[in-house]
Undergrad: 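What follows is a structure written as structure tokens; I'll ask about it next.
Letters A, B, ... are given to chains in the order of the sequence lines, protein chains preceding strands, and every chain is numbered from 1.
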Protein chains: 2
Amino acid sequence: MATLIAPDHPSPVADAEALRKACQGWGTDEKAIISIIGHRNAVQKKLIIQAYEDIYQEDLINRLESELSGDFERAVYRWMLDPADRDAVLVNAAIKQTVIDYRVIIEISCIGSPEDLLAVKRAYQHRYKHSMEEDLAAHTTGDIRKLLFALVSVYRYDGDEINARLAHSEADILHNVIEEKVLNHEEIIRIVSTRSKAQFMATLNRYKDDYDTSITKHLVEDPANHYLAALRTAIRCINDPHKYYEKILRNALNKRGTDEDALTRVIVTRAEKDLNEIKELYYKRNSVSLDHAVAKHTSGDYKAFLLTLLGKED
Amino acid sequence: MATLIAPDHPSPVADAEALRKACQGWGTDEKAIISIIGHRNAVQKKLIIQAYEDIYQEDLINRLESELSGDFERAVYRWMLDPADRDAVLVNAAIKQTVIDYRVIIEISCIGSPEDLLAVKRAYQHRYKHSMEEDLAAHTTGDIRKLLFALVSVYRYDGDEINARLAHSEADILHNVIEEKVLNHEEIIRIVSTRSKAQFMATLNRYKDDYDTSITKHLVEDPANHYLAALRTAIRCINDPHKYYEKILRNALNKRGTDEDALTRVIVTRAEKDLNEIKELYYKRNSVSLDHAVAKHTSGDYKAFLLTLLGKED
């Protein structure tokens, strides 16, 4: 369930006019901006951007970027983008970091549906005139490249059918290569990256039944091994995305120095989808509400905006 | 240009009735069947199949299969399928062979557009309830798996933009790994499988300019090395599909014992696309027309059908 609270039929023209007013004259009216865009879903935002362009011959997102600053600006920018385009921007930024942020790439390739991933690939090509696959492959090497490349490339089957015999035999394959301590074995990457999610989860369950532990517990070695960390991340994202996101938020909010990038990413990308379930998990795990934790670790307009997206009533 | 000769507005109902008549009673009227389906494009065939189903509550393709036999049956079956579905069937058959037929997989992943490949993947999933990638990965190993998997998986960028500096640096990368005789190097597979076709062809040209030979000449070692043969095939399919198909036909028709499978595949898959260009190349290269060669190496209804698809007037 979404946390976003959006009215049913706001007027795109009235919204565009109000945003224009908030951006004009002395100082920017951040509160007015938050009160509008913090309560609009993806379709509604698209219509506002279109109306704004038609009326003022100006790109609304550019205008907002020039009016705002810091974490608030970055959050607004990401929030205003169309979801597939936003994911394309996130992937591109993740690829271009000195040490590639594999979490972003894995979230986008493993949590959404195969059609969602395809939409991100199209948006990526439209924006960067490259394929996501070629940029990823050109900026990575070794085992982590093999894993991320396969995850991003494959157009997974999305059906619910499960082949129990295959789950059995592939749980054994996984166990054998883990026993032999070949944790970068091609077969692990093949099974994680190509099987349908339903089939892969059946294999994970089978593994747990036959070997008494979840496979991620067996995929630990040197903590600095990025490939293994990425592999565990992929398995978690497929197996239980809510739990995965809860952990990302927990880490983002617990560290000395909040990880605003991760915090913004999770709230902005999930507010219209399943942020409510993630909030509930967060509360269960931490005995403090996510709203409370966010309020404690952030400030100013950035804080107000995140809390609005989290469903706090104005 | 197509070789297929199809009327503008045939009646699907009249065609369905005529096909029904050709299939009924004593013996099958193969000539009548060829005279209809050998002159209908993909859209027209789809409408006939629909009309036939509506009128007779029977699957036309199944009926034709049960009436016909041998190479003729197989050619008709493949011809009647919707193009994306046909490619899915061809890939599945290629994967399931004891020694995987990499040519089919490379043709489908490297010759059509990225959208064509996506359509084949969708058709594959619809028909087999698996992804093409998972079946391919599960039936292959080693270097050839790495290459074919990447070719099939990547959603290539289809734009015309060329980055000359990148072509230069990647030609050098290719040359370096070839110099070091690491012909299965990850970088070769990355460049061949992920770059847009326009970009990759710029890299090939640059390679030729800088090193005086086409790269395929440098990718030869042990003739029994299937990975290298597949790599050369991929490069040829991207670089010059007509030339590639001409060679497939030449080999199919020159061997003692015609390779009907390859012959059927090329004619059936290209008749509505570019078989005319392939015919012209064939004539230039062999000083004999393709029609003539086909007529010499085939017989009966199979021969009549192929010649019809090749554009021979009845």
Undergrad: Could you tell me whether the side chain of B:V154 reaches within less than 4.5 Å of the side chain of A:V152, counting heavy atoms only?
TA: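 No, every pair of side-chain atoms sits at 4.5 Å or beyond.
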
Undergrad: Compare every heavy atom of B:E134 with every heavy atom of A:Y157, then report the nearest pair and how far apart it is.
TA: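 Scanning both residues completely, I find the closest heavy atoms to be CB-OE2, 3.9 Å.
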
Undergrad: Do other residues, nucleotides or ligands put more than 12 heavy atoms under 6.0 Å from the NZ atom of B:K208?
TA: no

Undergrad: For the NE2 atom on B:H226, are there more than 12 heavy atoms of other groups (residues, nucleotides or ligands in this structure) within a distance under 6.0 Å?
TA: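 No - once you tally the heavy atoms of other residues, nucleotides and ligands closer than 6.0 Å, there are 12 at most.
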
Undergrad: Just wondering, more than 12 heavy atoms not from A:D160 lying within 6.0 Å of its CG?
TA: no

Undergrad: At a heavy-atom separation under 4.5 Å, does A:E186 approach chain B through its side chain, its backbone, both, or neither?
TA: both

Undergrad: Tell me, do A:E133 and B:R156 make a side-chain contact under 4.5 Å, heavy atoms counted?
TA: no

Undergrad: Could you tell me which portion of A:D158 (side chain, backbone, both or neither) has an atom closer than 4.5 angstrom to a non-hydrogen atom of chain B?
TA: backbone

Undergrad: Of all of B:R145, B:Q199, B:M132, which one pairs up most often with chain A through heavy atoms under 4.5 Å apart?
TA: B:R145

Undergrad: Measure across A:T194 and B:S131 and return the closest heavy-atom pair with its distance rounded to 0.1 Å.
TA: O-OG, 3.8 Å

Undergrad: Is it true that atom NZ of A:K129 has more than 12 heavy atoms of other residues, nucleotides or ligands lying nearer than 6.0 Å?
TA: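 Above 12, so yes.
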
Undergrad: Side chain from CB out, backbone as N, CA, C, O: work out which of these in A:F149 comes under 4.5 Å of a heavy atom of chain B, or both, or neither.
TA: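 When you check distances to chain B, only side chain atoms of A:F149 fall under 4.5 Å.
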
Undergrad: Side chains of A:E161 and B:H130: does their closest heavy-atom pair fall under 4.5 Å?
TA: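 Result no, sub-4.5 Å side-chain heavy-atom pair not found.
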
Undergrad: Between B:R122 and A:E115, does any side-chain N to carboxylate O distance fall below 4.0 Å?
TA: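 A:E115 and B:R122: salt-bridged.
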
Undergrad: What option among B:Q125, B:E170, B:E187, B:K146 has the most heavy-atom pairs under 4.5 Å with chain A?
TA: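 When all of B:Q125, B:E170, B:E187, B:K146 are compared, B:Q125 has the most.
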
Undergrad: Need one label for A:R195: side chain, backbone, both or neither, based on atoms under 4.5 Å from any heavy atom in chain B.
TA: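 Both backbone and side chain.
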
